[in-house]
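Here's the structure, in structure tokens; my notes come after.
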Amino acid sequence: MKLLTPMDIHNKDFKRSFRGYNEDEIDDFLDQVVNDYEKLFRENERLKEDLARAQKDNDNFHEREKSINDTLQLAQK
């Protein structure tokens, strides 16, 4: 499933009707939605990068732990 981007929201056009909503209110609300969504979108990307970095660090620590355990077992023999 593809997430909406802030630009998708910003570029969304609505059809006009005789009994439609106030265009200025809609534009103001969409501006607020775009700003909030963009912040969340960027934070989500940053958190994904942080998670990937943490997973890589965790893998490195597991490798070190295995190496230390192997060395300890060898030393005990």
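- If you chain together hydrophobic residues whose side chains sit under 4.5 Å apart, Leu40 and Met7 never meet in one group.
- The distance from the CG atom of Leu72 to the CD atom of Gln76 is 4.0 Å, given to the nearest 0.5 Å.
- The hydrophobic clustering, which links ILVMFWY residues whose side-chain heavy atoms are closer than 4.5 Å, places Leu47 and Phe41 apart.
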Indicate every side-chain donor-acceptor pair of residues 49-58 with a distance under 3.5 Å to a residue at least two apart or in another chain.
{"residue": "Asp50", "atom": "OD1", "partner": "Arg53", "partner atom": "NH1", "Å": "3.0"}
{"residue": "Asp50", "atom": "OD2", "partner": "Arg46", "partner atom": "NH1", "Å": "3.0"}
{"residue": "Asn58", "atom": "OD1", "partner": "His62", "partner atom": "NE2", "Å": "3.4"}

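- For Glu45, the salt bridge (Lys or Arg N to Asp or Glu O under 4.0 Å) partners at least two apart in sequence or on another chain are Lys48.
- Taking the side-chain contact (heavy atoms from CB on, under 4.5 Å) definition, one finds that Leu3 meets it with Met1, Tyr37, sequence neighbours left out.
- With sequence neighbours excluded, the residues forming a side chain to side chain donor-acceptor pair (under 3.5 Å) with Lys66 are Asp70, listed by chain and number.
- The list of salt bridge (charged side-chain N to carboxylate O under 4.0 Å, His left out) pairs with a residue in residues 29-39, not counting sequence neighbours, reads Glu38-Arg42.
- Under a hydrophobic-cluster definition in which Ile, Leu, Val, Met, Phe, Trp and Tyr are linked whenever side-chain heavy atoms come within less than 4.5 Å, directly or via other members, Ile26 and Leu4 are assigned to the same cluster.
- A search for side chain to side chain donor-acceptor pair (under 3.5 Å) contacts involving Asp8 returns Lys2, Thr5, not counting sequence neighbours.
- Of the possible polar contacts, one joining the Thr71 side chain to the Ser67 backbone as a donor-acceptor pair under 3.5 Å is found.
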